[in-house]
Q: 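Submitted below is the structure of interest, expressed as structure tokens.
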Amino acid sequence: MEKIKIVIAGPRGRMGSEAVKLVEETEHFELAGAVDYKHDGKRLNELAGFTSEAKVYGELKDCLFETNPDVLIDLTTPEIGRKHTITALEYGVRPVVGTTGFSAEDLEMIEEMAKRQQIGAIIAPNFAIGAILMMKFSQMAAKYLSDVEIIEQHHDQKLDAPSGTGIKTAEMIHAVRGEKRQGHPDEKETMEGARGASYHGIRIHSVRLPGLIAHQEVLFGGDGQTLKIRHDSYNRASFMSGVKLSVEAVMNLNDLVYGLENIIE
């Protein structure tokens with residue numbers, strides 16, 4: 001099998017460092033370079049915890065121009081991830097992005113760019129295969145139990161709320177159940193925000209605490225019964241099976257895929 005040349009943005013991050021390990025341990029992956037604005041010009045093995053001799057670049061454009069990779073794995077922040085995705089597509093490189101916080105307008109623009117370039121792009125709110133199954137099972141359940149609330153829990157350094165996974169789950173549920181006001185018609189919040197965010201009537205509650213990684217529970221209620229669908233990620237390695245799947249899948253795409261539920265059977 002021909003090797004897939006990969007560049008990783010954000011190698012020192014908790015997700016990025018796991019992605020470096022993934023690429024190094026996968027026989028048909030090759031780490032062509034890394035992007036880290038603090039360590040331009042160094043080799044990755046000059047940074048603590050790495051053995052790869054891949055060069056580190058301060059700017060993504062320089063990295064893509066010199067290394068000519070097949071895929072960019074971006075696990076940075078929403079603002080940087082958006083810029084990197086656009087840059088990768090401009091250079092004909094297939095982005096695999098785990099950064100959340102993309103707006104509908106962002107996704108529409110990226111989709112148009114991918115189609116124009118005729119190359120694949122994957123943006124995944126969550127790379128954990130179990131989390132994808134949780135979302136798919138929730139969509140199935142919503143056809144029969146239409147009253148639902150989402151509780152997503154993440155570490156206290158997460159920048160966006162609700163999480164991309166929480167929003168994506170609500171979007172998938174809304175696609176099959178439509179608009180619905182839940183609870184008592186005269187319900188009032190005596191403290192603003194007590195009932196959480198509302199997406200077409202689906203309530204989303206965000207918890208941010210140290211000690212958490214990424215967790216989500218989807219609660220369904222019906223006459224005399226409840227259904228709970230829950231997924232927990234206890235470490236960042238749990239996301240790497242989805243990253244690997246995405247890198248392999250994006251090579252055979254020619255447009256944008258938003259969410260791994262669209263590429264797993």
Side-chain angles (χ1 to χ4, degrees), residues 14-15 18-19 22 75 78 81 96-102 104 107 122-180 182 195-209 211-222 225-250 256-265:
R14 286 170 290 189
M15 282 281 284
E18 289 292 339
L22 170 70
L75 303 165
V96 169
V97 184
T99 306
T100 58
F102 286 86
L107 294 173
I122 293 178
I123 298 175
N126 199 316
F127 278 118
I129 298 300
I132 307 309
L133 295 173
M134 175 264 297
M135 289 189 276
K136 290 176 77 75
F137 295 159
S138 296
Q139 187 178 50
M140 292 170 61
K143 295 178 182 179
Y144 306 97
L145 297 169
S146 60
D147 287 274
V148 55
E149 303 210 3
I150 298 168
I151 303 171
E152 56 93 353
Q153 305 176 340
H154 285 80
H155 55 89
D156 61 344
Q157 298 303 301
K158 186 168 178 59
L159 297 176
D160 54 322
S163 68
T165 300
I167 295 170
K168 183 64 174 176
T169 305
E171 291 173 347
M172 291 173 65
I173 290 171
H174 172 62
V176 299
R177 78 148 207 177
E179 188 89 22
K180 181 178 181 179
Q182 298 180 175
R195 292 290 290 117
S198 178
Y199 182 84
H200 298 283
I202 303 164
R203 292 292 180 174
I204 309 175
H205 309 269
S206 297
V207 177
R208 298 290 178 266
L209 289 171
L212 296 172
I213 300 293
H215 317 264
Q216 182 167 292
E217 187 168 66
V218 187
L219 306 176
F220 295 89
Q225 63 180 318
T226 60
L227 172 65
K228 300 178 182 180
I229 303 174
R230 183 180 176 95
H231 177 262
D232 299 275
S233 283
Y234 298 108
N235 57 46
R236 271 79 185 179
S238 65
F239 303 112
M240 291 304 110
S241 58
V243 174
K244 181 175 182 291
L245 174 67
S246 297
V247 170
E248 293 167 342
V250 79
L256 170 67
V257 168
Y258 177 60
L260 294 196
E261 72 280 358
N262 296 301
I263 63 172
I264 68 171
E265 297 180 359

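Just so it is clear, the values below take in all heavy atoms, side chains as well, and ignore hydrogens, waters and symmetry mates. What you see is a predicted model, and the numbers here were worked out from it, not measured in a lab.
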Q: Which heavy atom of Ile167 sits nearest a heavy atom of Pro162, and at what distance?
A: CD1-O, 3.9 Å
Q: Does any N or O in the side chain of Lys168 come within less than 3.5 Å of the main-chain N or O of Tyr258, such that one atom is a donor and the other an acceptor?
A: yes
Q: Return the CD to CZ distance between Glu18 and Phe239, rounded to the nearest 0.5 Å.
A: 10.0 Å
Q: As a quick check of understanding, evaluate side-chain contact (heavy atoms from CB on, under 4.5 Å) for Ser163 and Gln216, giving each step before the final call.
A: CA-CA 10 Å; Ser163 68; Gln216 182 167 292; 4.3 Å; yes
Q: How long is the straight-line distance from CD1 of Ile123 back to CG of Leu256, given to the nearest 0.5 Å?
A: 5.0 Å
Q: Hey, does Met134 have a side-chain heavy atom less than 4.5 Å from the side chain of Arg230?
A: no
Q: Taking the inter-plane angle between the rings of His200 and His174 on a 0 to 90° scale, is it parallel (under 30°), tilted (30 to 60°) or perpendicular (over 60°)?
A: parallel
Q: Let me confirm one number: the CZ-CG distance from Phe127 to Leu75, rounded to the nearest 0.5 Å.
A: 6.0 Å
Q: For Gly221 and Leu145, which heavy atoms make the closest approach, and how far apart are they?
A: O-CD2, 4.3 Å
Q: Over all heavy atoms of both residues, which pair between Ser246 and Ile122 is shortest? Give the atoms and the distance, please.
A: O-CD1, 3.4 Å
Q: Within a strict 4.5 Å, meaning less than it, do heavy atoms of the Ile150 and Tyr199 side chains meet?
A: no
Q: With side chains defined as the heavy atoms from C-beta onward, is the minimum distance between Met172 and Ser138 less than 4.5 Å?
A: no
Q: Quick one: closest heavy-atom pair of Ser146 and Lys180, and the distance?
A: OG-NZ, 2.8 Å
Q: Within the side chain of His231, is there an N or O that forms a donor-acceptor pair under 3.5 Å with the backbone of Ile229?
A: no
Q: Identify the two heavy atoms, one from Val247 and one from Val250, that lie closest to each other, and give their separation to 0.1 Å.
A: O-CG1, 3.3 Å
Q: Can you measure from CG (Asn262) to NZ (Lys136) and round to the nearest 0.5 angstrom?
A: 7.5 Å
Q: Thinking salt bridges, do Glu248 and Lys244 make one under a 4.0 Å N-O criterion?
A: yes
Q: Glu217 vs Gln153, test: side-chain contact (heavy atoms from CB on, under 4.5 Å). Steps then yes/no.
A: CA-CA 9 Å; Glu217 187 168 66; Gln153 305 176 340; over 6 Å; no
Q: Quick one: CZ on Arg177 to CD on Gln139, what's the gap to the nearest 0.5 Å?
A: 12.5 Å
Q: When rounded to the nearest 0.5 angstrom, what is the spacing between CD1 in Ile213 and NE2 in His155?
A: 7.0 Å
Q: Quick one: which of Thr169, Leu260, Thr165 gives a side-chain contact (heavy atoms from CB on, under 4.5 Å) with Asn126?
A: Thr165
Q: For the pair Met135 and Val218, evaluate side-chain contact (heavy atoms from CB on, under 4.5 Å) and give the outcome as yes or no after the intermediate values.
A: CA-CA 9 Å; Met135 289 189 276; Val218 187; over 6 Å; no
Q: If every non-hydrogen atom of His154 is compared with every non-hydrogen atom of Leu212, which pair is closest and at what distance?
A: O-CD1, 3.6 Å
